[in-house]
Amino acid sequence: MFENKVVLVSGSGRGIGAAIALHFASLGANVVVNYFRNRQPAEETIAKIRQLGHEALLVKANMGELADIERLFDTIDQEFHGLDIYIHNAASGYNRPVLQQRLKGWDWTMNINARSLLFAAQNAVPLMEKRGGGAIVAISSPGAKRVLPDYVVVGASKAAIEAITRYLAVELAAKNIVVNAVAPGMVITEALQHFEMVRSDVHLAEKAEHITPAGRLANPQDVANIVAFLCSPEAFMIRGQVITVDGGAALLAPGLEKETGSPAE
Ligand SMILES: NC(=O)c1ccc[n+]([C@@H]2O[C@H](COP(=O)([O-])OP(=O)(O)OC[C@H]3O[C@@H](n4cnc5c(N)ncnc54)[C@H](OP(=O)(O)O)[C@@H]3O)[C@@H](O)[C@H]2O)c1
């Protein structure tokens, strides 16, 4: 479906980003893998993409730094002479209660998660224009709208991502660029270890699974499937939307959740 397309996934050395990168490669795309601190898993992701028979480019860049974002897109332009799809996945954050937040944590989180979407999009547009258009999908979170423990600055950054998504969707439409967001529910990755409530309750994921209407938690492949769909011609009329991928978990009224029984699959 994505033969000869060039796809950039930020923060794709590991976690959900790696699953998205590999999924696009499995559908025929050449993929740019971006990492910041962990080179080894990123090299493993690159090796898997090449095993699928597609080109893979590894670029270290801190998405919180504008100069790094510009270098990332310049490198892609030199290598591939354009870009078709940008997946805004990289995220970081200071998980602390409201009263313990500091300016440094706000700036760090907002710059890596949210400011980067605006400036990555600015850099992506000229490369997508060379291809006659493209698609951008940003990864948000339920914390954009709901209150999660210690999540205030990440939640604010995700709310900003969702707002920026809507503006990009409207202003880039004339350039044939389709923009949307995906909000996964709880997905088992290393990111969960940043949450005190996950570290202190080894059964938390199991409990979440048992009340999820779909019978199991979303996994990275579920997220990758929806991201790829939003970049496909079939999704052309979906613009500026945030698609929740959580098996129905966020639909439940707190305290009234009913166990679904055995997890699906
Ligand atoms: N897991 C969940 O339950 C869940 C739920 C809702 C939304 N999400 C969202 O899904 C996305 C992926 O989450 P995940 O669970 O896969 O997270 P993760 O396991 O913590 O991985 C984070 C990724 O972001 C990269 N990254 C961090 N800071 C970066 C920076 N400054 N510049 C470039 N890359 C950077 C990391 O690269 P390095 O390792 O190289 O630093 C890594 O590849 C995030 O946007 C997250 O907010 C996750």
Side-chain angles (χ1 to χ4, degrees), residues 8-23 31-46 58-73 86-95 105 107-117 119-120 136-146 148-151 153-162 164-165 181-195 197-198 204-205 208-209 212 216-224 226-227 242-247 249-250:
L8 164 63
V9 186
S10 69
S12 50
R14 59 192 180 87
I16 293 170
I20 296 170
L22 288 168
H23 187 55
V31 183
V32 183
V33 172
N34 154 249
Y35 76 102
F36 175 32
R37 286 194 274 217
N38 292 292
R39 188 174 181 100
Q40 193 190 329
E43 283 179 345
E44 288 165 16
T45 304
I46 287 279
L58 181 60
V59 184
K60 177 177 180 174
N62 176 0
M63 296 303 291
E65 294 288 344
L66 298 185
D68 276 28
I69 292 174
E70 285 169 9
R71 183 175 47 75
L72 169 62
F73 284 89
Y86 171 53
I87 310 302
H88 184 78
N89 168 80
S92 187
Y94 275 55
N95 287 355
D107 287 347
W108 171 269
T109 307
M110 293 300 281
N111 290 348
I112 292 174
N113 298 1
R115 188 178 74 175
S116 54
L117 173 58
F119 292 99
I136 298 174
V137 177
I139 307 299
S140 187
S141 152
K145 298 191 185 79
R146 306 192 70 181
L148 308 181
D150 301 341
Y151 204 72
V153 291
V154 184
S157 74
K158 296 296 188 179
I161 281 176
E162 294 186 3
I164 294 165
T165 294
V182 166
M186 183 188 286
V187 180
I188 306 294
T189 67
E190 289 169 26
L192 294 189
Q193 292 311 315
H194 300 306
F195 288 87
M197 65 182 294
V198 173
L204 189 81
E209 185 154 66
T212 298
R216 64 171 177 81
L217 296 178
N219 58 44
Q221 185 64 48
D222 293 316
V223 180
I226 302 304
V227 167
V242 182
I243 309 297
T244 299
V245 182
D246 72 345

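Each ligand, and each atom within it, is numbered from 1 in the order the structure gives. For the single chain, residues carry numbers from 1 onward in sequence order.
Of the possible donor and acceptor atoms, none in the side chain of Asn95 sits under 3.5 Å from a partner among the backbone N and O of Tyr151.
Remark: Asp222 pairs with Arg216, Ala218, Asn219, Val245 by the side-chain contact (heavy atoms from CB on, under 4.5 Å) rule, at least two apart or across chains. Tyr35 pairs by the ring-ring contact (aromatic ring centres under 6.0 Å, His included) definition with nothing, not counting sequence neighbours.
Relative ring orientation between Phe73 and Tyr86 is described as perpendicular, the plane-to-plane angle rising above 60° on a 0-90° scale split at 30° and 60°.
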Give every donor-acceptor pair under 3.5 Å between a side-chain atom in residues 60-68 and any protein atom, sequence neighbours left out.
from: Asn62; atom 1: OD1; to: Gly64; atom 2: N; distance (Å): 2.8
from: Asp68; atom 1: OD2; to: Asn62; atom 2: N; distance (Å): 2.7

Name each N or O atom in ligand 1 that is under 3.5 Å from a protein N or O, and give the partner atom and the distance.
from: ligand 1; atom 1: 1 (N); to: Val187; atom 2: O; distance (Å): 3.1
from: ligand 1; atom 1: 1 (N); to: Thr189; atom 2: OG1; distance (Å): 3.3
from: ligand 1; atom 1: 3 (O); to: Val187; atom 2: N; distance (Å): 2.8
from: ligand 1; atom 1: 3 (O); to: Val187; atom 2: O; distance (Å): 3.2
from: ligand 1; atom 1: 15 (O); to: Thr189; atom 2: OG1; distance (Å): 2.5
from: ligand 1; atom 1: 16 (O); to: Ile16; atom 2: N; distance (Å): 2.8
from: ligand 1; atom 1: 19 (O); to: Arg14; atom 2: NH1; distance (Å): 3.3
from: ligand 1; atom 1: 31 (N); to: Asn62; atom 2: OD1; distance (Å): 2.8
from: ligand 1; atom 1: 32 (N); to: Ala61; atom 2: O; distance (Å): 3.4
from: ligand 1; atom 1: 32 (N); to: Met63; atom 2: N; distance (Å): 3.0
from: ligand 1; atom 1: 39 (O); to: Arg14; atom 2: NE; distance (Å): 2.6
from: ligand 1; atom 1: 39 (O); to: Arg14; atom 2: NH2; distance (Å): 3.2
from: ligand 1; atom 1: 39 (O); to: Asn38; atom 2: ND2; distance (Å): 2.7
from: ligand 1; atom 1: 40 (O); to: Phe36; atom 2: N; distance (Å): 2.9
from: ligand 1; atom 1: 40 (O); to: Arg37; atom 2: N; distance (Å): 2.9
from: ligand 1; atom 1: 40 (O); to: Asn38; atom 2: N; distance (Å): 2.9
from: ligand 1; atom 1: 41 (O); to: Arg37; atom 2: N; distance (Å): 3.0
from: ligand 1; atom 1: 43 (O); to: Gly11; atom 2: O; distance (Å): 3.0
from: ligand 1; atom 1: 45 (O); to: Asn89; atom 2: O; distance (Å): 2.7
from: ligand 1; atom 1: 45 (O); to: Lys158; atom 2: NZ; distance (Å): 2.9
from: ligand 1; atom 1: 47 (O); to: Lys158; atom 2: NZ; distance (Å): 2.9

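Here Glu162 does not pair with Lys158 in a salt bridge; the nearest charged N to carboxylate O distance is not below 4.0 Å.
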